[in-house]
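Below is one structure, written out as structure tokens, with a few remarks after it.
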Amino acid sequence: MDSLPVSQKVKVTAIAGDGIGAEVMRATQQVLAAAGAAVEWEDALAGAEAFRKGIVTGAPQETLDSIERCGVALKGPLETPVGFGEKSANVTLRKIFEMYGNIRPVRELPGIRTPFSGRGIDFTVVRENVEDLYAGIEHMQTPGVAQAVKLISEAGCERIAELACALALAEGRGKVTVATKANILKQTEGLLKTVGERVVKQYPQLAHEHMIVDNCAHQMVIRPEQFDVCVMTNMNGDILSDLAAGLVGGLGVAPSANLGDSVAMFEAVHGSAPQIAGKNLANPTALLLSAVMMLRHVGQFAAAARVEHALYVTLEEGRDLTGDIAAPGTGVGTTAYVDRVIANLGRESAKVPARQYRPITMKAWPKANWCRPTTSRELVGVDIFLESASAPPALGASLQQAVAGSPFTLKLVSSRGAQVWPVAQPHTFLVDHFRARFMFSAPAQGEAQAEITDLLNRVGAQHRWMHVEKLQRFDGADAFTKDQGEG
Ligand code: NAP
């Protein structure tokens, strides 16, 4: 056992959180103490109580200071009470500390019966945690049309792909699956496909594959045992990691880690379960398994293994389990379950996968702005998004007339990605939101600031526009997608 003197104890911020948080946190701390984990806890507040105290982020400065100081946090579920603040305190913490990697192990647990029991499911979903649609940049474009910006950076893809490989190596795994929607979203999801494949190929000891993410969802249900490490963008990873948790017993037993360059936060996947809070009914397994991940993160491998084995033995034997996972009529309270796990410390389960864990070696990333150098840039046109109730033929004619005599020609008008001018399909449903694509008739000079301003004035004289996008080419390749039907 790695039993360290008190002076070498690792300081960990403990955020009990809301609802059942206090009960599952207490249970976890008791098991870790009994297992000889060298941890000194710093209790900190976040969630509903913080919101009620008027802290709009749901995370007081003292909590942020504690996380910064310790670099490691164990967190219970946090509620965003209705009427307090707009943003979840969970998302805030992930963003403030740039915890860009969300790690969700998906492993069959003994004694937890599911339709997939016996299949040997044992993989990890690595989800990008700070970019994508969850950057939360949303605008109503018209009173009835909403838009969210899906922001994906090459650096973000590189970081998450490197983390997936580092995790695979640390856990002795052999394959990384890059799952994306690159077939449709060529620029955004395509970036993770290209960069992910490039990164994984640098690790010859790892097999790699690309899978379209919807097929990945299908494969996870049909043949989940084929997966080892799967890496995905934020929203795909959010959805598929919950699906994956469902294969092995659900959110109540699913652990997770949020990893960044300087801070790591471990948490159960489930929420605050307010209906059972304070009733000694909560199952602490998910937070306990998160704490096992935390112990490995801080290098306490022996203590992690002791807790994991005791938990597995308890589940395997099926005595004194909480009601959510016990055989009907045999459920006990949180405290009795914890007593049983503690009593089983020191016993070994043959069901724990034999794996040589090593610390995850996370690549160091520069603090300076990440910039991708280019050898050439061209500006070839401008997309203007506008609100109009006109029929496409009339809209097209008016836009053509607006740019007559300017350096631009109107190439097309589309409605939610479907061309409606000059060619339209009879079935396209129209709303009041259009994109007009203007191309430079002759190569643009520099940033063509004056020409674009003049174009906006011309279009704006007749139509309400809300958003402009430059059409660029980087290193000779189009940096924009074409519309359906666009030549
Ligand atoms: P939830 O809290 O996960 O609870 C859903 C149901 O799952 C519970 O009612 C309970 O079922 C069962 N359950 C969850 N965890 C359990 C455990 N440890 N032991 C036993 N049963 C457990 O989901 P929710 O009701 O959608 O969310 C409640 C609040 O939590 C919301 O405010 C939400 O925003 C927040 N939340 C926070 C996090 C986080 O902090 N990471 C994550 C998700 C949700 P029974 O009722 O059948 O007993």
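For ligands, and for the atoms within them, numbers begin at 1 and follow the listed sequence. Computed over heavy atoms, backbone and side chain alike; hydrogens, waters and symmetry mates excluded.
- For E171, the salt bridge (Lys or Arg N to Asp or Glu O under 4.0 Å) partners two or more places apart in sequence, or in a different chain, are R173.
- Here R159 pairs with E98 in a salt bridge; the nearest charged N to carboxylate O distance falls below 4.0 Å.
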Under 3.5 Å, which donor-acceptor pairs do the side chains of residues 22-38 form with other protein atoms, sequence neighbours left out?
unit_1 : atom_1 : unit_2 : atom_2 : d
E23    : OE1    : N280   : N      : 3.0
E23    : OE2    : G278   : N      : 2.6
T28    : OG1    : V24    : O      : 2.7

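- Relative ring orientation between F227 and F123 is described as tilted, the plane-to-plane angle lying within the 30° to 60° band.
- Protein residues lining ligand 1, listed by chain and number: I20, K75, P77, L78, E79, N90, E267, V269, H270, G271, S272, A273, P274, Q275, I276, A282, N283, D324 [non-hydrogen atoms, distance under 4.0 Å].
- By the salt bridge (Lys or Arg N to Asp or Glu O under 4.0 Å) test, R113 is found to be paired with no residue, residues two or more places apart in sequence or in another chain being considered.
- Looking at V307, D320, D339, T314 one by one, the single match for side chain to side chain contact (heavy atoms under 4.5 Å, CB included) with N344 turns out to be T314.
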